[in-house]
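Heavy-atom basis, side chains included; hydrogens, waters and symmetry copies ignored.
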Amino acid sequence: MRSIRAAAVGAVTMSLALAASACGGGSSGGGSNDSPKELTYWASNQGASVEVDKKVLQPELDKFEKETGIKVKLEVVPWSDLLNRILTATTSGQGPDILNIGNTWSASLQATGALLPWDAKNFDKIGGKDRFVESALGSTGVEGQDPAAVPLYSMAYALYYNKQMFADAGVTKPPATWDELVETGKKISGDGKWALGAEGSNLSNNIHQVFVLGKQHGADFFTADGKPDFTSDGAVAAVKQYVDLMAKDKVIAPGNAEYAQNQSLSDFAKGKTAMVLWQTASATFKTMGMEEDEWGVAPAPVASGTPGAGQATNSMVAGINMAVFKNTDNVDGATTFVKFMTSDAEQKILNEAYGSIPPVKAAQSDPAFNTQATAVLRETLATSAAALPQVPDESQFETAVGTAVKELFADAAAGRAVTAESVKEKLAKAQQQMPTK
(Lines give C-alpha, C1' and ligand atoms only; values in the text may rest on other atoms or scores of the structure.)
Protein backbone atom coordinates (compact mmCIF):
# COMPACT_ATOMS: atom_id res chain seq x y z
CA MET A 1 0.00 0.00 0.00
CA ARG A 2 1.06 3.50 -0.57
CA SER A 3 0.61 7.20 0.04
CA ILE A 4 -2.47 8.47 1.86
CA ARG A 5 -3.71 5.12 3.04
CA ALA A 6 -6.08 6.70 5.56
CA ALA A 7 -8.73 3.97 5.16
CA ALA A 8 -11.35 5.65 7.31
CA VAL A 9 -13.55 2.64 7.15
CA GLY A 10 -15.65 3.05 10.29
CA ALA A 11 -18.62 0.76 10.60
CA VAL A 12 -18.45 -0.23 6.96
CA THR A 13 -15.42 -2.39 7.73
CA MET A 14 -17.66 -4.80 9.54
CA SER A 15 -19.21 -5.71 6.23
CA LEU A 16 -16.17 -7.88 5.69
CA ALA A 17 -17.73 -10.30 8.13
CA LEU A 18 -20.76 -10.67 5.90
CA ALA A 19 -21.18 -12.95 2.95
CA ALA A 20 -20.83 -10.50 0.11
CA SER A 21 -22.63 -10.46 -3.16
CA ALA A 22 -20.10 -10.00 -5.92
CA CYS A 23 -19.95 -6.82 -7.90
CA GLY A 24 -19.67 -5.41 -11.36
CA GLY A 25 -22.18 -4.70 -14.03
CA GLY A 26 -23.23 -8.25 -14.70
CA SER A 27 -25.25 -10.91 -12.95
CA SER A 28 -24.90 -11.78 -9.27
CA GLY A 29 -23.33 -15.14 -10.13
CA GLY A 30 -19.95 -15.99 -11.55
CA GLY A 31 -19.67 -13.29 -14.15
CA SER A 32 -20.49 -13.14 -17.84
CA ASN A 33 -19.43 -11.60 -21.13
CA ASP A 34 -22.65 -9.65 -21.64
CA SER A 35 -20.74 -6.38 -22.24
CA PRO A 36 -17.63 -7.43 -24.13
CA LYS A 37 -16.70 -3.97 -25.42
CA GLU A 38 -16.40 -2.05 -22.14
CA LEU A 39 -14.86 -2.19 -18.69
CA THR A 40 -14.98 0.01 -15.60
CA TYR A 41 -11.72 0.42 -13.65
CA TRP A 42 -11.15 1.91 -10.21
CA ALA A 43 -7.50 2.91 -10.05
CA SER A 44 -5.82 3.87 -6.79
CA ASN A 45 -4.26 7.32 -6.43
CA GLN A 46 -0.55 6.56 -6.95
CA GLY A 47 0.77 9.96 -8.01
CA ALA A 48 0.84 13.39 -6.41
CA SER A 49 -2.83 13.91 -7.34
CA VAL A 50 -5.78 12.29 -9.05
CA GLU A 51 -5.11 14.46 -12.11
CA VAL A 52 -1.52 13.22 -12.31
CA ASP A 53 -2.80 9.65 -12.33
CA LYS A 54 -5.23 10.37 -15.13
CA LYS A 55 -2.38 11.77 -17.23
CA VAL A 56 -0.32 8.63 -16.59
CA LEU A 57 -3.09 6.09 -17.12
CA GLN A 58 -5.31 7.45 -19.86
CA PRO A 59 -2.75 7.06 -22.69
CA GLU A 60 -2.27 3.43 -21.67
CA LEU A 61 -6.02 2.80 -21.57
CA ASP A 62 -6.32 4.37 -25.01
CA LYS A 63 -3.58 2.02 -26.20
CA PHE A 64 -5.50 -0.94 -24.77
CA GLU A 65 -8.69 0.16 -26.52
CA LYS A 66 -6.85 0.48 -29.83
CA GLU A 67 -5.40 -3.03 -29.44
CA THR A 68 -8.55 -4.80 -28.25
CA GLY A 69 -11.56 -2.64 -29.08
CA ILE A 70 -12.49 -2.57 -25.38
CA LYS A 71 -13.11 0.87 -23.88
CA VAL A 72 -12.04 1.28 -20.25
CA LYS A 73 -13.91 3.82 -18.14
CA LEU A 74 -11.40 5.11 -15.58
CA GLU A 75 -12.03 6.47 -12.11
CA VAL A 76 -9.08 7.30 -9.88
CA VAL A 77 -10.21 6.88 -6.27
CA PRO A 78 -8.34 8.65 -3.43
CA TRP A 79 -6.93 6.34 -0.79
CA SER A 80 -9.04 7.98 1.89
CA ASP A 81 -12.15 6.68 0.08
CA LEU A 82 -11.01 3.51 -1.64
CA LEU A 83 -11.56 0.84 1.00
CA ASN A 84 -14.97 2.24 1.95
CA ARG A 85 -15.96 2.27 -1.72
CA ILE A 86 -14.81 -1.32 -2.20
CA LEU A 87 -16.58 -2.60 0.90
CA THR A 88 -19.79 -0.87 -0.10
CA ALA A 89 -19.50 -2.44 -3.54
CA THR A 90 -19.02 -5.94 -2.11
CA THR A 91 -22.35 -5.70 -0.28
CA SER A 92 -24.39 -3.59 -2.70
CA GLY A 93 -23.46 -5.36 -5.90
CA GLN A 94 -22.64 -2.02 -7.53
CA GLY A 95 -18.99 -1.75 -8.40
CA PRO A 96 -16.41 -1.78 -11.19
CA ASP A 97 -15.22 -4.69 -13.25
CA ILE A 98 -11.58 -4.22 -12.23
CA LEU A 99 -9.99 -2.33 -9.36
CA ASN A 100 -6.72 -1.67 -7.59
CA ILE A 101 -6.43 -2.70 -3.96
CA GLY A 102 -3.73 -2.13 -1.38
CA ASN A 103 -1.93 -5.45 -1.09
CA THR A 104 -2.47 -5.56 2.68
CA TRP A 105 -6.23 -5.76 2.05
CA SER A 106 -5.99 -8.87 -0.11
CA ALA A 107 -6.91 -11.42 2.54
CA SER A 108 -9.71 -9.27 3.99
CA LEU A 109 -11.31 -8.71 0.60
CA GLN A 110 -10.73 -12.35 -0.32
CA ALA A 111 -12.89 -13.29 2.67
CA THR A 112 -15.88 -11.46 1.20
CA GLY A 113 -16.00 -13.88 -1.72
CA ALA A 114 -16.52 -10.96 -4.10
CA LEU A 115 -13.25 -11.24 -6.02
CA LEU A 116 -12.27 -13.55 -8.85
CA PRO A 117 -9.82 -16.21 -7.58
CA TRP A 118 -6.57 -16.33 -9.53
CA ASP A 119 -6.21 -20.05 -9.89
CA ALA A 120 -3.71 -21.70 -12.23
CA LYS A 121 -6.14 -21.41 -15.16
CA ASN A 122 -6.58 -17.66 -14.70
CA PHE A 123 -2.85 -17.09 -14.18
CA ASP A 124 -2.19 -18.96 -17.41
CA LYS A 125 -4.35 -16.39 -19.20
CA ILE A 126 -1.90 -13.64 -18.19
CA GLY A 127 1.31 -15.53 -18.84
CA GLY A 128 1.70 -17.65 -15.72
CA LYS A 129 2.27 -17.17 -12.01
CA ASP A 130 6.02 -17.61 -12.29
CA ARG A 131 6.32 -14.22 -14.07
CA PHE A 132 5.85 -12.51 -10.70
CA VAL A 133 8.33 -11.90 -7.89
CA GLU A 134 7.71 -14.20 -4.94
CA SER A 135 7.58 -11.41 -2.33
CA ALA A 136 4.80 -9.68 -4.26
CA LEU A 137 2.78 -12.89 -4.56
CA GLY A 138 3.05 -13.25 -0.78
CA SER A 139 0.61 -10.36 -0.34
CA THR A 140 -2.16 -11.52 -2.64
CA GLY A 141 -4.32 -13.47 -0.17
CA VAL A 142 -4.34 -16.14 2.49
CA GLU A 143 -1.58 -18.72 2.20
CA GLY A 144 -2.85 -21.97 0.76
CA GLN A 145 -5.71 -20.36 -1.15
CA ASP A 146 -5.81 -19.13 -4.73
CA PRO A 147 -4.75 -15.45 -4.76
CA ALA A 148 -7.52 -12.85 -4.77
CA ALA A 149 -5.51 -10.41 -6.87
CA VAL A 150 -2.47 -9.99 -9.10
CA PRO A 151 0.54 -7.77 -8.20
CA LEU A 152 0.65 -4.50 -10.14
CA TYR A 153 3.10 -2.15 -8.38
CA SER A 154 5.66 -3.14 -5.73
CA MET A 155 6.98 -0.71 -3.15
CA ALA A 156 8.98 -0.58 0.03
CA TYR A 157 9.69 2.02 2.67
CA ALA A 158 12.94 3.96 2.64
CA LEU A 159 14.36 6.97 4.43
CA TYR A 160 14.42 10.05 2.21
CA TYR A 161 16.60 12.94 3.36
CA ASN A 162 17.22 16.54 2.35
CA LYS A 163 20.91 16.87 1.48
CA GLN A 164 21.11 20.62 2.10
CA MET A 165 19.43 20.44 5.50
CA PHE A 166 21.85 17.68 6.48
CA ALA A 167 24.83 19.74 5.31
CA ASP A 168 23.60 22.83 7.16
CA ALA A 169 23.40 20.79 10.37
CA GLY A 170 26.83 19.23 9.84
CA VAL A 171 25.38 15.77 9.26
CA THR A 172 27.49 13.79 6.79
CA LYS A 173 25.49 10.59 6.32
CA PRO A 174 21.93 9.34 6.74
CA PRO A 175 21.13 7.55 10.00
CA ALA A 176 21.17 3.75 9.86
CA THR A 177 19.65 3.07 13.29
CA TRP A 178 16.86 4.64 15.31
CA ASP A 179 19.34 6.01 17.87
CA GLU A 180 21.25 7.68 15.04
CA LEU A 181 18.00 9.08 13.63
CA VAL A 182 17.11 10.69 16.95
CA GLU A 183 20.66 12.02 17.36
CA THR A 184 20.60 13.43 13.83
CA GLY A 185 17.12 14.81 14.39
CA LYS A 186 18.14 16.80 17.43
CA LYS A 187 20.88 18.48 15.40
CA ILE A 188 18.37 19.55 12.76
CA SER A 189 15.20 20.39 14.69
CA GLY A 190 14.81 24.06 15.65
CA ASP A 191 14.04 27.47 14.17
CA GLY A 192 10.88 26.17 12.54
CA LYS A 193 12.59 23.15 11.00
CA TRP A 194 11.96 19.57 12.01
CA ALA A 195 13.86 16.34 11.51
CA LEU A 196 11.22 13.79 10.54
CA GLY A 197 7.81 14.01 8.90
CA ALA A 198 4.90 11.73 9.78
CA GLU A 199 1.23 11.27 8.89
CA GLY A 200 -0.20 10.84 12.39
CA SER A 201 -3.85 10.74 11.29
CA ASN A 202 -3.24 8.30 8.45
CA LEU A 203 -4.40 4.99 9.88
CA SER A 204 -2.72 2.67 7.41
CA ASN A 205 0.56 4.58 7.40
CA ASN A 206 0.54 4.27 11.19
CA ILE A 207 0.10 0.52 10.81
CA HIS A 208 2.97 0.23 8.36
CA GLN A 209 5.37 1.97 10.73
CA VAL A 210 4.37 0.14 13.92
CA PHE A 211 4.26 -3.22 12.13
CA VAL A 212 7.91 -2.79 11.11
CA LEU A 213 8.88 -1.63 14.59
CA GLY A 214 6.92 -4.58 15.94
CA LYS A 215 9.08 -6.95 13.86
CA GLN A 216 12.16 -5.23 15.29
CA HIS A 217 10.78 -5.85 18.80
CA GLY A 218 9.85 -9.47 17.99
CA ALA A 219 6.09 -8.87 17.71
CA ASP A 220 3.66 -9.58 14.83
CA PHE A 221 0.33 -8.22 16.21
CA PHE A 222 -1.29 -11.58 15.37
CA THR A 223 -0.63 -15.06 16.70
CA ALA A 224 0.38 -17.90 14.41
CA ASP A 225 -3.27 -18.99 14.14
CA GLY A 226 -4.43 -15.48 13.15
CA LYS A 227 -5.75 -14.19 16.48
CA PRO A 228 -5.15 -10.52 17.46
CA ASP A 229 -2.22 -10.01 19.82
CA PHE A 230 -2.02 -6.24 20.18
CA THR A 231 -0.88 -5.95 23.81
CA SER A 232 2.29 -8.04 23.82
CA ASP A 233 5.39 -6.36 25.22
CA GLY A 234 6.85 -6.07 21.73
CA ALA A 235 3.72 -4.51 20.24
CA VAL A 236 3.48 -1.96 23.06
CA ALA A 237 7.18 -1.12 22.72
CA ALA A 238 6.81 -0.67 18.96
CA VAL A 239 3.88 1.75 19.21
CA LYS A 240 5.50 3.71 22.02
CA GLN A 241 8.78 4.02 20.12
CA TYR A 242 6.99 5.44 17.09
CA VAL A 243 4.86 7.95 19.01
CA ASP A 244 7.85 8.90 21.19
CA LEU A 245 9.53 10.38 18.13
CA MET A 246 7.08 13.22 18.74
CA ALA A 247 6.28 12.82 22.44
CA LYS A 248 9.76 12.32 23.91
CA ASP A 249 12.43 12.74 21.24
CA LYS A 250 10.85 15.90 19.76
CA VAL A 251 12.00 15.19 16.21
CA ILE A 252 8.48 15.18 14.70
CA ALA A 253 6.46 18.42 14.77
CA PRO A 254 3.28 18.27 16.88
CA GLY A 255 1.27 19.45 13.89
CA ASN A 256 2.05 16.17 12.13
CA ALA A 257 -0.48 14.52 14.43
CA GLU A 258 -3.17 15.88 12.11
CA TYR A 259 -1.49 14.94 8.82
CA ALA A 260 -3.19 12.36 6.60
CA GLN A 261 -3.00 13.72 3.05
CA ASN A 262 0.74 13.70 2.17
CA GLN A 263 1.42 16.95 4.03
CA SER A 264 4.69 15.48 5.32
CA LEU A 265 5.89 15.14 1.72
CA SER A 266 4.97 18.75 1.04
CA ASP A 267 6.90 19.86 4.12
CA PHE A 268 9.89 17.83 2.93
CA ALA A 269 9.76 19.39 -0.54
CA LYS A 270 9.57 22.89 0.99
CA GLY A 271 12.61 22.33 3.22
CA LYS A 272 10.60 22.36 6.45
CA THR A 273 11.40 18.74 7.30
CA ALA A 274 14.69 16.95 6.71
CA MET A 275 13.59 13.32 6.56
CA VAL A 276 10.54 11.23 5.76
CA LEU A 277 9.87 7.49 5.82
CA TRP A 278 7.89 6.79 2.67
CA GLN A 279 7.15 4.40 -0.15
CA THR A 280 8.50 5.30 -3.60
CA ALA A 281 8.43 9.06 -3.09
CA SER A 282 10.67 10.16 -5.97
CA ALA A 283 7.91 10.83 -8.52
CA THR A 284 5.97 12.88 -5.97
CA PHE A 285 9.05 14.96 -5.10
CA LYS A 286 9.53 15.72 -8.78
CA THR A 287 5.91 16.83 -9.09
CA MET A 288 6.43 19.07 -6.06
CA GLY A 289 9.35 20.80 -7.73
CA MET A 290 12.35 19.05 -6.18
CA GLU A 291 15.39 18.16 -8.29
CA GLU A 292 16.73 14.65 -7.85
CA ASP A 293 20.09 15.88 -6.56
CA GLU A 294 18.37 17.71 -3.67
CA TRP A 295 17.43 14.53 -1.84
CA GLY A 296 18.98 11.18 -1.04
CA VAL A 297 17.53 7.82 -0.13
CA ALA A 298 18.75 5.23 2.35
CA PRO A 299 17.37 2.07 3.94
CA ALA A 300 14.87 2.73 6.72
CA PRO A 301 16.45 2.45 10.19
CA VAL A 302 16.83 -0.71 12.24
CA ALA A 303 17.56 -1.09 15.95
CA SER A 304 21.20 -1.96 15.29
CA GLY A 305 23.37 -3.51 12.62
CA THR A 306 22.15 -3.66 9.04
CA PRO A 307 18.75 -4.39 7.45
CA GLY A 308 17.78 -8.01 6.94
CA ALA A 309 15.18 -10.56 7.93
CA GLY A 310 13.51 -10.98 11.31
CA GLN A 311 14.32 -8.25 13.84
CA ALA A 312 16.32 -6.39 11.19
CA THR A 313 13.19 -6.02 9.02
CA ASN A 314 12.85 -2.37 8.00
CA SER A 315 9.81 -2.31 5.70
CA MET A 316 6.52 -4.00 5.08
CA VAL A 317 6.07 -5.47 1.60
CA ALA A 318 4.17 -2.56 0.12
CA GLY A 319 2.33 -2.59 -3.13
CA ILE A 320 -0.80 -2.44 -5.20
CA ASN A 321 -2.67 -5.45 -6.52
CA MET A 322 -5.22 -5.63 -9.32
CA ALA A 323 -8.44 -7.54 -8.69
CA VAL A 324 -11.48 -8.50 -10.76
CA PHE A 325 -15.00 -8.63 -9.34
CA LYS A 326 -16.45 -12.11 -9.73
CA ASN A 327 -19.66 -11.08 -11.46
CA THR A 328 -18.12 -8.69 -13.97
CA ASP A 329 -20.11 -8.62 -17.20
CA ASN A 330 -16.85 -8.81 -19.18
CA VAL A 331 -14.83 -11.66 -17.70
CA ASP A 332 -12.70 -12.17 -20.80
CA GLY A 333 -12.08 -8.43 -21.21
CA ALA A 334 -11.16 -8.08 -17.53
CA THR A 335 -8.54 -10.82 -17.67
CA THR A 336 -7.22 -9.39 -20.94
CA PHE A 337 -6.87 -6.01 -19.26
CA VAL A 338 -4.98 -7.52 -16.33
CA LYS A 339 -2.69 -9.25 -18.84
CA PHE A 340 -2.10 -5.89 -20.56
CA MET A 341 -1.37 -3.99 -17.34
CA THR A 342 1.04 -6.68 -16.13
CA SER A 343 2.81 -7.13 -19.46
CA ASP A 344 6.56 -6.48 -19.45
CA ALA A 345 6.18 -3.30 -21.51
CA GLU A 346 3.36 -1.76 -19.45
CA GLN A 347 5.04 -2.68 -16.18
CA LYS A 348 8.09 -0.68 -17.20
CA ILE A 349 5.99 2.32 -18.30
CA LEU A 350 3.72 2.44 -15.26
CA ASN A 351 6.25 1.69 -12.55
CA GLU A 352 8.76 4.13 -14.00
CA ALA A 353 6.05 6.82 -14.01
CA TYR A 354 5.27 6.21 -10.34
CA GLY A 355 8.78 5.45 -9.11
CA SER A 356 7.68 2.01 -7.94
CA ILE A 357 9.19 -1.42 -8.63
CA PRO A 358 7.64 -3.87 -11.12
CA PRO A 359 6.48 -7.11 -9.47
CA VAL A 360 7.06 -8.76 -12.87
CA LYS A 361 10.55 -10.28 -13.00
CA ALA A 362 11.41 -9.37 -16.59
CA ALA A 363 10.43 -5.73 -16.13
CA GLN A 364 12.17 -5.44 -12.76
CA SER A 365 15.53 -6.23 -14.36
CA ASP A 366 15.32 -3.14 -16.57
CA PRO A 367 18.08 -0.56 -15.80
CA ALA A 368 15.34 2.04 -15.10
CA PHE A 369 14.82 0.30 -11.75
CA ASN A 370 18.44 0.48 -10.63
CA THR A 371 18.63 4.24 -10.09
CA GLN A 372 19.08 6.24 -6.88
CA ALA A 373 15.31 6.33 -6.55
CA THR A 374 14.75 2.59 -6.91
CA ALA A 375 17.91 0.64 -6.03
CA VAL A 376 17.32 0.87 -2.26
CA LEU A 377 13.69 -0.15 -2.72
CA ARG A 378 14.64 -3.21 -4.78
CA GLU A 379 17.22 -4.28 -2.20
CA THR A 380 14.76 -3.77 0.65
CA LEU A 381 12.07 -5.86 -1.05
CA ALA A 382 14.58 -8.60 -1.74
CA THR A 383 16.24 -8.80 1.68
CA SER A 384 14.54 -6.95 4.54
CA ALA A 385 10.80 -6.47 3.92
CA ALA A 386 8.04 -8.58 5.49
CA ALA A 387 4.41 -8.97 4.43
CA LEU A 388 1.73 -7.75 6.81
CA PRO A 389 -0.34 -10.60 8.24
CA GLN A 390 -2.46 -12.12 5.47
CA VAL A 391 -5.47 -12.72 7.69
CA PRO A 392 -9.13 -11.90 7.00
CA ASP A 393 -9.19 -9.36 9.83
CA GLU A 394 -6.24 -7.33 8.50
CA SER A 395 -8.31 -4.31 7.43
CA GLN A 396 -9.99 -4.18 10.85
CA PHE A 397 -6.50 -4.30 12.35
CA GLU A 398 -5.51 -1.25 10.28
CA THR A 399 -8.58 0.61 11.49
CA ALA A 400 -8.40 -0.35 15.17
CA VAL A 401 -4.66 -0.10 15.81
CA GLY A 402 -4.18 2.73 13.31
CA THR A 403 -6.77 4.74 15.24
CA ALA A 404 -5.06 3.93 18.54
CA VAL A 405 -1.78 5.31 17.17
CA LYS A 406 -3.62 8.37 15.84
CA GLU A 407 -5.07 9.03 19.29
CA LEU A 408 -1.65 8.63 20.90
CA PHE A 409 -0.17 11.16 18.46
CA ALA A 410 -2.98 13.53 19.42
CA ASP A 411 -2.02 13.05 23.08
CA ALA A 412 1.62 13.77 22.26
CA ALA A 413 0.73 16.89 20.28
CA ALA A 414 -1.38 18.17 23.18
CA GLY A 415 1.41 17.58 25.68
CA ARG A 416 -0.31 14.66 27.41
CA ALA A 417 1.99 11.91 28.65
CA VAL A 418 2.46 8.86 26.46
CA THR A 419 3.43 6.01 28.76
CA ALA A 420 3.71 2.27 28.30
CA GLU A 421 0.52 1.96 30.33
CA SER A 422 -1.42 4.43 28.16
CA VAL A 423 -0.18 2.70 25.01
CA LYS A 424 -1.23 -0.70 26.31
CA GLU A 425 -4.64 0.65 27.29
CA LYS A 426 -5.23 2.01 23.77
CA LEU A 427 -4.10 -1.25 22.19
CA ALA A 428 -6.31 -3.29 24.51
CA LYS A 429 -9.28 -1.17 23.45
CA ALA A 430 -8.31 -1.73 19.81
CA GLN A 431 -8.16 -5.49 20.35
CA GLN A 432 -11.65 -5.45 21.86
CA GLN A 433 -12.93 -3.90 18.63
CA MET A 434 -11.78 -6.84 16.54
CA PRO A 435 -14.37 -9.39 15.37
CA THR A 436 -14.84 -12.39 17.61
CA LYS A 437 -14.84 -15.82 16.07
Side-chain angles (χ1 to χ4, degrees), residues 1-18 20-25 39-58 61 72-112 114-115 148-149 152-153 155 199-208 258-266 278-280 284 287 318-325 354 356 388 394-403 405-406:
M1 295 171 67
R2 175 186 183 274
S3 271
I4 48 173
R5 208 97 353 146
V9 297
V12 181
T13 304
M14 297 309 295
S15 67
L16 287 172
L18 305 175
S21 57
C23 311
L39 291 167
T40 55
Y41 173 38
W42 286 357
S44 49
N45 177 200
Q46 298 303 121
S49 69
V50 167
E51 292 306 315
V52 168
D53 285 314
K54 290 178 181 177
K55 290 179 180 178
V56 170
L57 293 171
Q58 193 57 57
L61 304 188
V72 181
K73 182 180 178 181
L74 171 68
E75 181 179 357
V76 181
V77 184
W79 279 107
S80 53
D81 300 330
L82 185 58
L83 185 53
N84 264 343
R85 293 277 301 275
I86 296 170
L87 295 176
T88 300
T90 63
T91 53
S92 71
Q94 301 298 315
D97 298 291
I98 307 159
L99 73 160
N100 290 0
I101 63 174
N103 66 353
T104 64
W105 304 340
S106 295
S108 295
L109 295 175
Q110 183 179 45
T112 69
L115 302 181
L152 182 64
Y153 311 126
M155 290 163 274
E199 301 274 322
S201 286
N202 183 320
L203 307 190
S204 294
N205 190 276
N206 286 343
I207 287 297
H208 299 168
E258 299 180 1
Y259 283 6
Q261 300 288 336
N262 293 10
Q263 294 98 320
S264 60
L265 296 187
S266 178
W278 207 260
Q279 304 171 37
T280 59
T284 300
T287 302
I320 307 302
N321 294 339
M322 179 170 271
V324 174
F325 273 112
Y354 288 128
S356 48
L388 265 80
E394 197 283 330
S395 64
Q396 292 96 318
F397 161 58
E398 291 195 21
T399 303
V401 174
T403 298
V405 177
K406 173 183 175 179

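Put simply, CG on Leu99 and CD1 on Ile86 are 4.5 Å apart, with the number rounded to the nearest 0.5 Å. Taking CG of Leu109 as the start and CD of Glu394 as the end, the distance is 9.5 Å to the nearest 0.5 Å. Atom OG1 of Thr399 and atom CG of Leu203 lie 6.5 Å apart (nearest 0.5 Å).
Side-chain contact check for Asn202 versus Trp79: every heavy-atom pair is 4.5 Å or farther apart. Between Val401 and Asn206 there is no side-chain heavy-atom pair separated by less than 4.5 Å. By the 4.5 Å heavy-atom criterion applied to side chains, Thr88 and Gln94 are not counted as neighbours. Proximity of Tyr354 to Thr280: side-chain heavy atoms (C-beta onward) are nowhere separated by under 4.5 Å. Side chains of Asn205 and Trp278 form a contact here, defined as non-hydrogen atoms less than 4.5 Å apart. Looking at Leu83 and Ser395, their side chains come closer than 4.5 Å, going by heavy atoms from C-beta outward. Side chains of Trp42 and Ile98 form no contact here, defined as non-hydrogen atoms less than 4.5 Å apart.
Shown here for Met155 and Gly319, the closest heavy-atom pair between the two residues is CE-CA, 3.5 Å. Taking every heavy atom of both residues into account, Ile101 and Ser106 meet most closely at CD1-OG, 3.9 Å. For the residue pair Asn100 and Ala43, the shortest heavy atom distance occurs at ND2-CA, 3.8 Å. For the pair Ala149 and Asn321, the tightest heavy-atom approach, listed with the atom from each and the gap, is CB-CB, 3.5 Å. The two residues Val50 and Pro78 have their closest heavy-atom pair at CG2-CG, 4.3 Å. Closest heavy-atom contact between Ala318 and Asn103: C-ND2, 3.4 Å.
In the model, Asn45 has a side-chain atom that pairs as donor or acceptor with a side-chain atom of Asp53 under 3.5 Å. Counting only N and O atoms by type, the side chains of Ser204 and Glu398 include a donor and acceptor under 3.5 Å apart.
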**OP:** Quick one: do Leu115 and Phe325 satisfy side chain to side chain contact (heavy atoms under 4.5 Å, CB included)? Show the steps, please.
**Re:** CA-CA 5 Å; Leu115 302 181; Phe325 273 112; 4.0 Å; yes
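Under the rule for a side chain to side chain donor-acceptor pair (under 3.5 Å), Tyr153 has no partner lying at least two apart in sequence or in another chain. Under the side chain to side chain contact (heavy atoms under 4.5 Å, CB included) criterion, Glu258 pairs with no residue, sequence neighbours left out.
Tyr41 pairs with exactly one of Met322, Glu75, Lys73 by the side chain to side chain contact (heavy atoms under 4.5 Å, CB included) rule, that one being Met322.
Although no hydrogens or angles enter the test, the distance criterion places no donor-acceptor pair under 3.5 Å between the side chain of Gln263 and the main chain of Glu199.
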